[in-house]
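Only this structure's heavy atoms are used, side chains among them; waters, hydrogens and symmetry mates stay out. When a ligand or atom number is given, it counts from 1 through the structure's own listing order. Everything numeric in this text was worked out from a predicted model, so none of it was measured.
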Amino acid sequence: MTLLTVETIADLRRKVAEWKAAGLTVGLVPTMGALHEGHLSLITRMLGHADRVITTIFVNPTQFGAGEDLDAYPRTREADTAMIAETGGHLLFAPPVSEIYPEGFATRVEVDGLTDVLCGQSRPGHFDGVTQVVAKLLNMAQADFAIFGEKDWQQLAVIRRMAKDLDIPTEIKGGPIIRDELGLALSSRNAYLNEAELAIARQLNVVLRKAAYDIAAGGFAPDTCAAAAEKLLEIGFREVDYVECRDAASLVPVERVGEAPARIFGAAHIGRARLIDNHAVN
Ligand code: PAF
């Protein structure tokens, strides 16, 4: 099947209605474009769940704070379209900003609690923009499933909460983190890095993994995380937003691991990029 591209909500809805009338299931892969293997793995996974897969490309302005990289965010529509087609995606929804936020748009979607910590603290308002656009995309597509990468673990937790709280019937799935051959979690923002910065960036995974191991072996998480943050600065990261160990579902802080799944989360700046990563602890 050739990839179909639509830019309006009406066209998207028409296509989905057609598929549903034919008894087909529909999966949604929301992205901001600048696609890499991580995104393609989400499309591939979704192809295993749904008969028809929609990929969305929309660089959502409301999830970028003042001074963040909205204007610089890589836009590679032609290459993205080719990659989606090659992976086997059925439809690309790539609306202009005016289609998503028309004149007079005034509604916000906010999730309390889960958004107050980690990236919610270092990027105030970011998750309000994410939930606003994801609620709209889920509503527009009326898909059976939607998938989000686990690199943005907190985002996935926030979206799951929102979908549950708003009775959105789409089943939310997570896709595992895809890393390069040296362990760096793939991110569209890695494109900002030169060779020297990439070498430093790759240490985020190494330092977090070591800290996860130490905590799993009985270490006191706040001390281990503080030492890991220091290590990242020594290695050459310009700034560390956080290194924290938290419950994988509720995101409440964990001091020592027990039965409940815990994860270590890190966010740090190198060059023009702010990178995030996370690992299971137990
Ligand atoms: O993870 C992303 O790329 C974005 O936050 C998302 C979920 C597509 C919403 O704009």
Side-chain angles (χ1 to χ4, degrees), residues 7 9 12 27-43 45-46 53-65 68-77 79-80 83-84 87 89 91-101 105 107-111 114-115 118-120 122-141 143 145-163 166 168 170-178 185-192 265 267 273-278:
E7 297 191 350
I9 299 164
L12 172 71
L28 185 72
V29 185
T31 82
M32 296 206 300
L35 302 185
H36 50 64
E37 289 298 325
H39 298 111
L40 301 185
S41 80
L42 298 179
I43 298 175
R45 272 181 175 260
M46 196 43 91
V53 173
I54 303 166
T55 306
T56 73
I57 295 184
F58 180 66
V59 182
N60 174 36
T62 69
Q63 68 187 77
F64 288 78
E68 289 191 345
D69 57 344
L70 172 61
D71 293 335
Y73 199 84
R75 285 155 172 93
T76 54
R77 170 89 172 260
D80 291 349
M83 282 194 259
I84 298 166
T87 310
L91 189 134
L92 166 60
F93 176 51
V97 174
S98 57
E99 184 73 4
I100 302 293
Y101 302 117
F105 185 89
T107 299
R108 284 183 295 179
V109 181
E110 289 175 25
V111 173
L114 288 172
T115 62
L118 301 172
C119 289
S122 34
R123 300 184 69 190
H126 165 67
F127 287 116
D128 299 343
V130 170
T131 45
Q132 182 181 52
V133 78
V134 172
K136 282 175 68 71
L137 292 170
L138 292 173
N139 237 334
M140 288 168 200
F145 314 100
I147 192 164
F148 300 85
E150 289 179 352
K151 180 174 73 67
D152 298 86
W153 186 276
Q154 184 179 13
Q155 169 174 279
L156 178 58
V158 168
I159 290 170
R160 284 203 161 111
R161 182 78 258 164
M162 176 197 72
L166 296 183
I168 295 174
T170 305
E171 187 186 323
I172 307 298
K173 293 180 174 294
I177 301 175
I178 305 297
L186 297 190
S187 161
S188 305
R189 290 187 167 98
N190 294 351
Y192 297 155
F265 298 90
R274 177 183 183 275
L275 303 179
I276 58 172
D277 202 349
N278 67 86

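Considering backbone and side-chain atoms alike, Gln155 places an N or O below 3.5 Å from some N or O of ligand 1.
Looking only at distances, a side-chain donor or acceptor of Ser187 sits under 3.5 Å from a matching main-chain atom of Arg189. A donor-acceptor contact shorter than 3.5 Å links the side chain of Asn278 to the backbone of Lys151.
With a 4.0 Å cut-off on non-hydrogen atoms, Thr31 touches ligand 1 through its backbone and not its side chain.
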*Let me see the working for Tyr73 and Asn60 under side chain to side chain donor-acceptor pair (under 3.5 Å), right down to the final yes or no.*
CA-CA 10 Å; Tyr73 199 84; Asn60 174 36; over 6 Å; no
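The residue among Met32, Lys151, Gln63 with a heavy atom at the shortest distance from atom 9 (C) of ligand 1 is Gln63.
Using a 4.5 Å cut-off on side-chain heavy atoms (C-beta onward), Arg45 and Lys173 make no contact.
Here is the list of ligand 1 atoms found below 4.0 Å of a heavy atom in Val133: 9 (C), 10 (O).
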